[in-house]
There are 2 protein chains.
Amino acid sequence: MSIAQSARGAPESSSRRAILDTAARLLRSGGYHQTTLREVAEAVGIRKASLYYHFASKEEIVEAVANDGVRFVHDAVSQALDDTADAPPRKRLEAAIAAHLTALHGHGDYTSASIKAFSFGAIPAPDSVRRIRRAYEEVWRGLIAEMQAAGILSPERSAETLRYFLLGALNGSIDWQRPGRFDATELAREFTALIAPHNDGVKP
Amino acid sequence: MSIAQSARGAPESSSRRAILDTAARLLRSGGYHQTTLREVAEAVGIRKASLYYHFASKEEIVEAVANDGVRFVHDAVSQALDDTADAPPRKRLEAAIAAHLTALHGHGDYTSASIKAFSFGAIPAPDSVRRIRRAYEEVWRGLIAEMQAAGILSPERSAETLRYFLLGALNGSIDWQRPGRFDATELAREFTALIAPHNDGVKP
DNA sequence: CCTACCGATCGGTAGG
DNA sequence: CCTACCGATCGGTAGG
């Protein structure tokens with residue numbers, strides 16, 4: 001898993017990962033400004049100053065969490081698309097949506113931490129985050145183009161608007177997620193049917 | 001306009017409104033934690049301590065801004081629905097979406113300030129905000145039920161999921177709004193077509 | 001990875 | 001609406 005290793009594949013200390021795990025959890029629940037390095041350090045079991053042995057600044061910690069978070073959802077969605085390579089287009093769309101929702105609401109805190117830290121301009125996203133995020137967006141650009149070509153999504157609709165619309169709706173689920181009652185599979189089915197309705201002869 | 005008056009219709013000092021206008025602008029661009037009372041006071045042209053002559057706390061200022069913001073979009077959408085009372089259902093949906101987007105991206109800062117302050121749990125929403133927000137949600141519940149009854153939106157889809165999906169997508173536009181190039185009318189048309197496609201015989 | 005410390009800034013208060 | 005002030009807390013640094 002890409003999260004278990006830094007970008008260049010260099011070995012990573014378990015302390016560093018423990019810090020990021022904790023930061024991700026706190027960022028997910030509190031966002032950037034509410035998350036303090038004191039909280040992070042205390043939860044990890046070290047002194048605050050010791051964080052600076054591993055990272056140069058708070059920004060650097062948040063940046064690392066956010067990058068891993070986007071990589072995590074990117075990998076999950078790519079995997080879902082690989083797994084459904086031979087499935088009907090609508091199934092692929094549904095699998096991608098389910099994977100995105102699972103990355104957001106599953107046990108990992110990195111993806112939702114990333115979104116909470118940088119959505120609505122809470123804090124300006126560093127270049128590295130923007131770059132990695134853009135790479136992930138390409139997956140959706142490709143998928144939407146595929147769906148339009150397959151006739152699942154109307155080619156008359158702006159592909160960019162569609163993408164913004166869909167990802168905005170998916171990420172918005174952070175706000176109304178009931179921790180227990182969340183079923184990514186069912187929700188993905190519902191979302192897919194919403195933007196790509198079946199034409200099962202319900203209407204003439 | 002409801003924003004020009006406090007909830008009980010009591011007269012409101014111009015200073016109070018100046019403070020709220022400024023707070024709304026700063027909250028819109030910076031969110032809750034990044035907006036400081038010093039900034040607000042300086043922009044208004046008074047000393048920070050003087051804010052406490054009008055408000056008891058930072059929370060109270062933010063609460064007032066957020067409440068006005070939700071009232072503003074609520075009024076705008078209600079007005080749009082009244083104005084299109086005799087129009088075809090799809091036109092009504094489109095008008096409501098356009099009104100919501102305009103409230104978000106128009107010159108008023110209150111609505112987007114409200115969303116930025118309380119989305120993704122940036123800060124827990126006070127009871128008054130939750131109550132006013134719930135009243136606004138009722139407008140959309142009613143509208144979606146109307147659309148499902150009219151066959152514009154599929155009755156097979158969960159009305160609540162539809163509402164969450166749509167409002168999440170609309171509010172998400174805060175993130176990709178290009179200040180100049182924003183056309184609420186065109187975007188509303190696109191969004192409406194997306195969730196409520198025409199059946200103009202394009203497909204058999 | 002620690003102890004000890006710091007300047008800056010926060011929301012808020014006293015008292016007029 | 002002001003001057004003056006405060007305790008708390010923030011991210012970060014020195015030096016080991």
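Remark: Glu42(A) CD is loosely packed, at most 12 non-hydrogen atoms of other residues, nucleotides or ligands lying under 6.0 Å away.
His33(B) places its NE2 atom 11 Å from the P atom of dC10(D), with the value rounded to the nearest Å. At whole-Å resolution of the value, CD in Gln34(A) and P in dG11(C) are 13 Å apart. To the nearest angstrom, P of dT9(C) lies 12 Å from CD of Glu42(B). Taking atom CG of residue Leu51(B) and atom P of nucleotide dC10(C), one finds them 13 Å apart after rounding to whole Å. Taking atom OH of Tyr52(A) as the reference point, atom P of dG12(D) lies 4 Å away to the nearest angstrom. The separation between Glu59(B) atom CD and dG11(C) atom P is 9 Å, rounded to whole Å. When the C1' atom of dG12(D) is taken as reference, atom CG of Leu37(A) falls 9 Å away, rounded to whole Å. The distance between atom CZ of Arg38(A) and atom P of dC10(D), rounded to the nearest whole Å, is 5 Å.
Nucleotide dC6(D) forms a pair with dG11(C), judged by Watson-Crick or G-U wobble geometry with both contacts under 3.5 Å.
For dC1(D), neither phosphate oxygen OP1 nor OP2 lies less than 4.0 angstrom from any side-chain nitrogen or oxygen of Tyr53(B). At the phosphate of dT3(D), OP1 or OP2 sits under 4.0 Å from a side-chain N or O atom of Arg47(B). Regarding contacts with the backbone of dC1(D), a side-chain N or O of Ser15(B) is found under 4.0 angstrom from either OP1 or OP2.
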So Glu137(A) and Arg134(A), salt bridge (charged side-chain N to carboxylate O under 4.0 Å, His left out) or not? Walk me through it. CA-CA 5 Å; Glu137(A) 289 170 2; Arg134(A) 214 164 293 155; 5.3 Å; no
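Residues Glu39(A) and Ala49(A) each lie close to DNA chain D; by heavy-atom proximity, the contact nearer the 5' end of the strand is made by Glu39(A). Map Lys48(A) and His54(B) each onto its nearest nucleotide of DNA chain D; the residue landing nearer the 5' end is His54(B).
When heavy atoms are screened at a 4.0 angstrom cut-off, Glu60(B) is found touching no nucleic acid atom at all.
With Ile61(B) as the fixed residue, the side chain to side chain contact (heavy atoms under 4.5 Å, CB included) test singles out one of Leu27(B), Leu37(B), Thr22(B): Leu37(B).
With dG12(C), dG11(D), dC1(D) as the candidates, the nucleotide lying closest to the side chain of Lys58(A) is dG11(D). Closest to the side chain of Ser50(B), from the set dC1(D), dG11(D), dG12(C), is dC1(D).
No hydrogens or angles considered: a donor-acceptor pair under 3.5 Å links the side chains of Asp21(A) and Tyr110(A). Counted by atom type alone, Gln79(B) and Asp75(B) present zero donor-acceptor pairs between their side chains at under 3.5 Å.
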